[in-house]
Novice: 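Structure incoming, see below.
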Amino acid sequence: MGGKSDKIETVYLLADYMEEVRPVYGKRVIKQHVTKLQGQSSIIREAMIQGYLEMSHINLSICSECLHAEYEAHDTTERLVSGG
């Protein structure tokens, strides 16, 4: 007979099995996610490198055009700090 007792025993056995399997499964899944993220990370890195290379000439132009303003700001600060 023992129907209810058998079901409870089955639940306990299943719980024990899950406790044994979960750490192994979890490690495998985490490793897969880390590997996937590392692949995405290198793709993002390559895209950013490409973007910086493509923007470098624009950044240099902006810097060259604003250099006089930078010098003027520096001279003004020097004058204000020294009281002259």
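Side-chain atoms are counted along with the backbone in the values below, which use heavy atoms only and exclude waters and symmetry mates.
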Novice: Which ILVMFWY residues can you reach from L67 by hopping between side chains whose heavy atoms are under 4.5 Å apart?
Specialist: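 Hydrophobic cluster check, L67: joined to Y71.
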Novice: Hey, could you give me the CD1/CD1 distance between I49 and I44, rounded to the nearest 0.5 Å?
Specialist: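 Result: 12.5 Å between the selected atoms.
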Novice: Which atom pairs, one a donor and one an acceptor, fall under 3.5 Å between side chains of residues 54-64 and the rest of the protein, sequence neighbours left out?
Specialist:
{"from": "E54", "atom 1": "OE2", "to": "Q50", "atom 2": "NE2", "distance (Å)": "2.9"}
{"from": "S56", "atom 1": "OG", "to": "L53", "atom 2": "O", "distance (Å)": "2.9"}
{"from": "H57", "atom 1": "ND1", "to": "E54", "atom 2": "O", "distance (Å)": "3.0"}
{"from": "S61", "atom 1": "OG", "to": "H57", "atom 2": "O", "distance (Å)": "3.0"}
{"from": "S64", "atom 1": "OG", "to": "L60", "atom 2": "O", "distance (Å)": "2.9"}

